[in-house]
> 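Before we start, here is the structure in question, set down as structure tokens.
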2 protein chains.
Amino acid sequence: MLELAILGLLKERAMHGYQLKKRLADTLGSFWQVSYGSLYPTLKRLQAQSAVEMVFPREDVGRRKNVYRVTAKGEEMFAELLERVGQEAAEDNGFSVRLAFFRYLKPETRIRLLERRRTFLEGRGSTLKESLREYRERIDGYTLSLMKHELDATESDIRWLEDLIKSEQRQVERPLRRSRAARIAQRERA
Amino acid sequence: MLELAILGLLKERAMHGYQLKKRLADTLGSFWQVSYGSLYPTLKRLQAQSAVEMVFPREDVGRRKNVYRVTAKGEEMFAELLERVGQEAAEDNGFSVRLAFFRYLKPETRIRLLERRRTFLEGRGSTLKESLREYRERIDGYTLSLMKHELDATESDIRWLEDLIKSEQRQVERPLRRSRAARIAQRERA
DNA sequence: TTCGTCATGTAATGGGTTACATGATTAC
DNA sequence: GTAATCATGTAACCCATTACATGACGAA
């Protein structure tokens with residue numbers, strides 16, 4: 001997860017650990033906090049795997065900063081990690097981090113990931129409904145209220161996902177339609 | 001967290017590990033999954049601390065089952081863990097687990113916990129708004145959409161909390177009013 | 001000159017998971 | 001008798017955190 005996030009951010013531009021942490025906090029910070037104690041070791045590990053390499057300072061001579069950039073191997077790793085449509089990719093953080101790098105995926109893969117997430121949330125929804133049906137009388141008001149609220153939140157998540165999926169599908173279809181139009185135009189020209 | 005949940009569930013009735021895991025999955029399962037690899041060691045640890053003790057099987061002789069019950073010391077531990085209004089008590093899981101045992105808290109403590117959670121969520125909300133304001137033009141559509149959706153979800157959480165707080169406050173006030181009425185009645189009797 | 005923030009790192013610890021191993025009981 | 005589920009446990013690992021340690025640089 002952290003590796004994916006680091007590679008994804010370094011893909012945009014070379015950065016050093018401290019900067020990386022700031023960017024991480026800014027874009028993913030509302031759900032995903034990283035400490036230096038995990039950031040720096042991960043960065044070193046990625047370097048050892050030659051997924052990233054140090055950019056030796058030019059104008060930046062002053063401060064002791066370890067600026068890293070992604071290597072070709074790092075790009076591969078990133079793509080592999082990002083596309084991996086396992087269980088982890090459907091869970092809260094795994095999904096959010098991947099969404100932040102969606103622009104690097106093909107629309108079809110995006111749809112697959114979105115649908116995986118939807119299935120996951122539908123599972124959570126059913127579990128919640130089941131619990132509500134099964135235990136409604138036996139559980140206390142607070143847990144009941146929590147469950148109802150969770151169910152609402154889950155359903156809202158699903159609606160949001162549905163919108164994302166629809167908009168992806170439009171993006172997949174439109175080029176097709178255009179090419180069909182192009183084919184027609186070509187036929188007419190003939 | 002797990003200790004709190006185990007003690008809280010065993011407070012209701014004595015159970016063995018397997019049962020405990022089921023109850024855990026049923027009531028808190030939508031956000032909090034535990035594996036045996038962490039459940040059994042925790043149970044043993046609690047036993048070593050004499051927070052729980054084994055109930056020796058009577059009618060249940062057949063199966064090899066380790067049924068545990070909470071001890072007086074366990075009750076103390078539970079109360080202490082539950083009331084602890086630290087950072088962890090405001091975070092997602094910490095809060096939800098505590099909410100599931102809210103009935104064991106005084107209304108004032110409940111309100112304190114609810115307000116801590118609200119403050120926490122308001123912080124998240126501000127962070128999100130800040131990011132949206134700051135980066136709106138620079139970040140990609142997916143992250144933007146995620147952030148907006150997160151903000152909506154956070155605001156919905158806050159509204160829900162507000163309702164819970166209000167209903168707690170009513171419960172704090174009503175007995176006061178009743179006692180005032182009692183005082184008046186007493187005065188009239190005099 | 002000193003304070004804040006930039007910047008990097010390590011060691012100890014924590015809290016969990018996965019995979020493995022075992023075996024009893026129940027339902028078919 | 002055999003498959004599913006009940007039931008307990010351990011060892012290896014993973015991913016992260018906290019606390020600690022260090023020091024450079026810029027601004028007041």
Side-chain angles (χ1 to χ4, degrees), chain A residues 1-7 9-10 14-26 28-29 31-49 52 54-57 59-68 81 84 86-94 97, chain B residues 1-7 9-10 14-26 28-29 31-49 52 54-57 59-68 81 84 86-94 97:
Chain A
M1 198 78 288
L2 185 51
E3 296 193 351
L4 174 63
I6 289 175
L7 292 172
L9 289 180
L10 289 185
M15 274 184 274
H16 58 265
Y18 197 86
Q19 264 175 316
L20 219 33
K21 167 143 188 196
K22 285 216 148 173
R23 279 283 283 129
L24 233 37
D26 285 340
L28 311 167
F31 54 88
W32 179 212
Q33 297 282 1
V34 204
S35 66
Y36 293 119
S38 91
L39 182 63
Y40 286 118
T42 304
L43 224 29
K44 287 232 156 159
R45 202 174 58 242
L46 285 172
Q47 190 184 17
Q49 296 168 345
V52 302
M54 245 160 79
V55 179
F56 289 103
E59 62 268 53
D60 240 2
V61 205
R63 277 263 169 105
R64 145 176 161 266
K65 283 191 268 196
N66 303 345
V67 176
Y68 294 95
L81 285 169
R84 188 175 295 168
Q87 176 62 13
E88 34 134 7
E91 281 153 17
D92 298 352
N93 280 357
V97 171
Chain B
M1 198 78 290
L2 184 51
E3 296 193 352
L4 175 63
I6 289 176
L7 291 172
L9 290 180
L10 289 184
M15 273 183 275
H16 58 263
Y18 197 85
Q19 264 175 315
L20 220 31
K21 167 144 189 198
K22 285 217 148 175
R23 279 283 284 128
L24 233 38
D26 284 340
L28 312 166
F31 54 88
W32 177 216
Q33 297 283 4
V34 204
S35 66
Y36 294 118
S38 92
L39 182 64
Y40 286 117
T42 304
L43 224 30
K44 287 233 153 159
R45 202 174 57 243
L46 286 172
Q47 189 184 18
Q49 297 168 343
V52 302
M54 245 160 79
V55 180
F56 289 102
E59 62 268 56
D60 239 2
V61 204
R63 275 257 172 111
R64 145 177 160 266
K65 285 191 269 197
N66 304 343
V67 178
Y68 294 95
L81 286 169
R84 188 175 296 168
Q87 177 62 14
E88 34 135 7
E91 280 153 18
D92 298 353
N93 280 356
V97 171

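Numbered from 1 within each chain, the chains take letters A, B, ... in sequence-line order.
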> Please assess A:M15 against A:K22 for the test side-chain contact (heavy atoms from CB on, under 4.5 Å), listing each intermediate value before the final yes or no.
CA-CA 10 Å; A:M15 274 184 274; A:K22 285 216 148 173; over 6 Å; no
> Using atom CG of A:N93 as one end and atom C1' of C:dT17 as the other, report the distance to the nearest whole Å.
16 Å
> Just one of B:L28, B:L20, B:D26 clears the side-chain contact (heavy atoms from CB on, under 4.5 Å) bar with B:L24, so which one?
B:L28
> Write down the distance between OH (A:Y18) and P (D:dG26), rounded to a whole number of angstrom.
14 Å
> Figure out the NE2/P separation between A:H16 and C:dC6, and round it to whole Å.
9 Å
> Hey, does the Lys NZ or Arg CZ of A:K21 hover above the aromatic six-ring of A:Y36, less than 6.0 Å from the centre and inside 45° of the axis?
yes
> Heavy atoms only: give me the nearest B:A89-B:R84 pair and the separation to one decimal.
CB-O, 3.4 Å
> Base, sugar-phosphate, or nothing for B:K22, non-hydrogen atoms under 4.0 angstrom?
sugar-phosphate
> Treat primed atoms plus P, OP1 and OP2 as sugar-phosphate and everything else as base, then score nucleotides 9-21 of chain D 5' to 3': B for base contact with protein heavy atoms under 4.0 Å, S for sugar-phosphate contact only, - for none.
BB-----SBB---
> Please give, in whole Å, the distance from C:dG16 P to B:E88 CD?
11 Å
> Of all the base pairs, Watson-Crick or G-U under 3.5 Å, which form stems of three or more consecutive pairs involving DNA chain C?
C:1-28 with D:1-28
> Please examine the side chains of A:L39 and A:Y18, heavy atoms only from C-beta on, and report whether any two atoms are closer than 4.5 Å.
no
